[in-house]
Amino acid sequence: MSDKKESLNFIEQIIAEDIENGKHSGRVHTRFPPEPNGYLHIGHAKSICLNFGVAEDFNGLTNLRFDDTNPVTESTEYVDSIKEDVKWLGFDWGDREYYSSDYFDKFYEYAIKLIKDGLAYVDDSTSEEIASMKGTPTKPGADSPYRNRSVEENLSLFEGMKAGQYEEGSKVLRAKIDMSSPNMLMRDPVIYRIKFAHHHRTGDKWCIYPMYDFAHGQSDSIEEITHSLCTLEFENHRPLYNWFIEKLEIFPSRQIEFARLNLSYTIVSKRKLLQLVNEGIVSGWDDPRMPTIRGMRRRGYTPKSIRNFAERVGIAKRDNIIDVGLLEFMVREDLNKVTNRMMAVLDPIKVVITNYDKGEEFMESVNNPEDESAGVRQIPFSGELYIDSDDFMEEPPKKYFRLKPGGMVRLKNAYIIQCEDVIKDSEGKVTQLNCVYFPDSKSGEDTSGLKVKGTIHWVSANHAKEAEARIYDRLFMDESPDTHKEKSFLDFVNPNSLQIINKIFVEPALYNYSVGDSVQFLRKGYFCVDKDSTKDKMVFNQTVGLRDSWAKMNKN
RNA sequence: UGACCCAUGGUGUAACGGUAGCACUGCAGAUUUUGGUUCUGCCUGUCAAGGUUCGAAUCCUUGUGGGUCAACCA
């Protein structure tokens, strides 16, 4: 193991045992097998981290394999995005990029073998007929009238299917197992269907395509995958997975199932995510509110924070709902260590320092108190500033440490000021504060002897640049939006999940940042530069707010 | 009412027959020129009932609760 871990999850335990027993000569080989019909999301990240992580820990390898057996929903657009996302997360599959479709010839041979062994037959029944003969979970199914065709007839029919002699839907190839099995999947599952569809890799070569159960496990075997890790909903498939290995006499990969990730206030379902995109509820797959890898990247999540998250949530078999707060904790933890602290005012009030007569000066600021190597910078200061509106209250509650009439506050990295005058417009809204500053209270050389409880951020009005901020809230208002029997997840969409602030003021140095860069807006939160930024107007996405014990205290 | 799977604080996850631990959350305090960070302390848990055992979260039985399965999707 790369790191000494105090305990192994159940999959690691199985692998450790297998190695100890010399199974597959101690070799470990996993695979990440996405279907290229959608973008990767946080749930996939868990699987990616598991598969690549476990292989790395046991000196094994991981393949990237596209499970592309259904040409009507799959495309290279998705292939490209998946590769990009896996790479971005920090994993490397080397030259082991595979496609189930690469094995179509092999699968066809496997099917022929099954037919020859009397273990598969061509069925002319309609899909409705097959469904009705399937029985129900509590009632056994009935044999198809075509079940006992001869090997020769099946062979020629199946060849005819391959040759395109039959219409789509008119025939399927089925495994001949047991129509009364208590496991529905063993009731003569369909393994090949006719589809006159163009495949993103094999083009028009095939008009028959294998089903998942006749492709996934077989691909595992061909690649000599030792441990095939998948989610719980495939548990019932395992007997079938093993049946094919036994009957086909191929490499015995072992399927092990773990519980998929569920995140509170979030949906993690490709189909439903697609719906959010198609219905325009979000701006696209990379909308920063989406739990997709691209969405999270645009939001400002780091690969490391996602990997740490995947590690923290653990691997087990029980259903779970992870508190989205844990994800937020992980990104704060990472960003805290690596981002510079910069000043930005999101909702400005003007502060005029009436006794400031120096014109301007520059204040030195540490870039990141958690990382000395980040250095220092100079911030322009002047007699006209902006501060954030919630850093002033005319009638503050007890324990309010910020600015109030007659009160004093420290301007971060600058002087202590005292509020002398509150100027309001005709509606009574505070528009300007007239203050005085104490020249001998300058940060780093303070001889004033003044003690203040609060320190607030600011920007110099004449030096600040305008920018846009996008503040995000959870996309759903229900903890588990897609588990309600009577209601659609769309009923729980949060109408206020995106708040755009058109005009914020940021210190000029922020205009040196590039798309994707992360920064902490002091006392506000972590933000990252959005791709919509222009050189005249930058756009900042709020990744996550800072913990705010003042806000929390006032809620109660 | 068939088969398979699961059950440990609010949420996750450990403990592999021998002191129920860790993380998040929550609460209290210390430090702090970010009401951030950091540090300290605290609260809360083995689904139930039987059985095996000197000893059970762990093994057995029976319940209870939850999940998955009836696409020519994966």
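Letters A, B, ... are given to chains in the order of the sequence lines, protein chains preceding strands, and every chain is numbered from 1.
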Which nucleotide in the list [options] gets nearest to the side chain of [X]?
{"X": "A:Tyr212", "options": "B:A74, B:U33, B:G35", "value": "B:A74"}
{"X": "A:Glu233", "options": "B:G12, B:U68, B:G35", "value": "B:U68"}
{"X": "A:Thr455", "options": "B:U33, B:A74, B:U8", "value": "B:U33"}
{"X": "A:Asp319", "options": "B:G36, B:G67, B:U68", "value": "B:G67"}
{"X": "A:Arg523", "options": "B:U34, B:U13, B:C72", "value": "B:U34"}
{"X": "A:Thr138", "options": "B:U37, B:G2, B:C73", "value": "B:G2"}
{"X": "A:Lys399", "options": "B:C24, B:G35, B:G36", "value": "B:G35"}

### Check: A:Tyr108 and A:Glu159 side chains under 4.5 Å, non-hydrogen atoms
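Result yes, sub-4.5 Å side-chain heavy-atom pair found.
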### A:Tyr415 and A:Met363, any side-chain heavy atoms less than 4.5 Å apart
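Counting from C-beta outward, A:Met363 and A:Tyr415 do come under 4.5 Å.
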Using a cut-off of less than 4.0 Å, is there contact between a side-chain N or O of [X] and OP1 or OP2 of [N]?
{"X": "A:Lys139", "N": "B:U1", "result": "no"}
{"X": "A:Ser549", "N": "B:G36", "result": "yes"}
{"X": "A:Lys552", "N": "B:G26", "result": "yes"}
{"X": "A:Arg547", "N": "B:U37", "result": "yes"}
{"X": "A:Arg193", "N": "B:A74", "result": "yes"}
{"X": "A:Thr69", "N": "B:A74", "result": "yes"}

Regarding [X], tell me which of base, sugar-phosphate or nothing describes its non-hydrogen contacts under 4.0 Å with the strands shown.
{"X": "A:Met211", "result": "sugar-phosphate"}
{"X": "A:Phe66", "result": "nothing"}
{"X": "A:Ile321", "result": "sugar-phosphate"}
{"X": "A:Pro369", "result": "base"}
{"X": "A:Ser125", "result": "base"}
{"X": "A:Ile315", "result": "sugar-phosphate"}
{"X": "A:Thr136", "result": "base"}
{"X": "A:Glu168", "result": "nothing"}
{"X": "A:Gly141", "result": "nothing"}
{"X": "A:His216", "result": "nothing"}
{"X": "A:Leu522", "result": "base"}
{"X": "A:Asn413", "result": "base"}
{"X": "A:Glu35", "result": "sugar-phosphate"}
{"X": "A:Arg318", "result": "base"}

Using the [atom1] atoms only, state how far [M] lies from [N], rounded to an integer number of Å.
{"N": "B:G12", "M": "B:C72", "atom1": "P", "answer": "34 Å"}
{"N": "B:U52", "M": "B:U62", "atom1": "C1'", "answer": "15 Å"}
{"N": "B:U53", "M": "B:C5", "atom1": "C1'", "answer": "29 Å"}
{"N": "B:G2", "M": "B:C24", "atom1": "C1'", "answer": "40 Å"}
{"N": "B:C59", "M": "B:C6", "atom1": "P", "answer": "11 Å"}
{"N": "B:U37", "M": "B:U25", "atom1": "P", "answer": "9 Å"}
{"N": "B:G55", "M": "B:U19", "atom1": "P", "answer": "15 Å"}
{"N": "B:C69", "M": "B:G10", "atom1": "P", "answer": "29 Å"}

[X] [atom1] - [N] [atom2] separation (whole Å):
{"X": "A:Tyr39", "N": "B:A74", "atom1": "OH", "atom2": "C1'", "value": "19 Å"}
{"X": "A:Lys171", "N": "B:C72", "atom1": "NZ", "atom2": "P", "value": "17 Å"}
{"X": "A:Glu129", "N": "B:C72", "atom1": "CD", "atom2": "C1'", "value": "13 Å"}
{"X": "A:Asn70", "N": "B:A74", "atom1": "CG", "atom2": "P", "value": "5 Å"}
{"X": "A:Glu370", "N": "B:U33", "atom1": "CD", "atom2": "P", "value": "14 Å"}
{"X": "A:Glu257", "N": "B:U68", "atom1": "CD", "atom2": "C1'", "value": "11 Å"}
{"X": "A:Arg238", "N": "B:C69", "atom1": "CZ", "atom2": "P", "value": "16 Å"}
{"X": "A:Asp323", "N": "B:A23", "atom1": "CG", "atom2": "P", "value": "16 Å"}

Applying a 3.5 Å limit to both distances, which nucleotide forms a Watson-Crick or G-U wobble pair with [N]?
{"N": "B:A3", "value": "B:U68"}
{"N": "B:G17", "value": "none"}
{"N": "B:C43", "value": "none"}
{"N": "B:C59", "value": "B:G51"}
{"N": "B:G12", "value": "B:C22"}

### Query
Of A:Asn63, A:Leu64, A:Leu50, which is the lone residue that meets side chain to side chain contact (heavy atoms under 4.5 Å, CB included) with A:Phe32?
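Passing option: A:Leu64.
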### Message
For A:His200, give me all partners under ring pair (Phe, Tyr, Trp, His ring centres under 6.0 Å), at least two apart in sequence or on another chain.
### Response
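Partners of A:His200 by the ring pair (Phe, Tyr, Trp, His ring centres under 6.0 Å) criterion come out as none, since no residue qualifies.
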Any chance the side chains of [X] and [Y] put a donor and an acceptor closer than 3.5 Å?
{"X": "A:Ser389", "Y": "A:Asp347", "result": "yes"}
{"X": "A:Gln255", "Y": "A:Tyr241", "result": "no"}
{"X": "A:His457", "Y": "A:Arg341", "result": "no"}
{"X": "A:Asp440", "Y": "A:Ser448", "result": "no"}
{"X": "A:Asp220", "Y": "A:Ser253", "result": "no"}

### Query
Is it true that A:Phe309 and A:Tyr301 have ring centroids separated by less than 6.0 Å?
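No - the distance between ring centres of A:Phe309 and A:Tyr301 does not fall below the 6.0 Å cut-off.
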### Message
Using O4'-C1'-N9-C4 for purines and O4'-C1'-N1-C2 for pyrimidines, with syn meaning within 90° of 0, is B:A71 syn or anti?
### Response
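B:A71: syn.
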### Query
Would you call the rings of A:Tyr103 and A:Tyr98 parallel, tilted or perpendicular if under 30° counts as parallel and over 60° as perpendicular?
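It falls in the tilted class, 30° to 60°.
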### Query
Is the charged tip of A:Arg174 near the ring of A:Tyr121: under 6.0 Å from the six-membered ring centre and within 45° of its axis?
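Not flagged: A:Arg174 not positioned over aromatic ring of A:Tyr121.
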### Message
Within residues 180-192 of chain A, which residues have any heavy atom lying less than 4.0 Å from an atom of RNA chain B?
### Response
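Within residues 180-192 of chain A, the residues near RNA chain B are A:Pro182, A:Met184, A:Val190.
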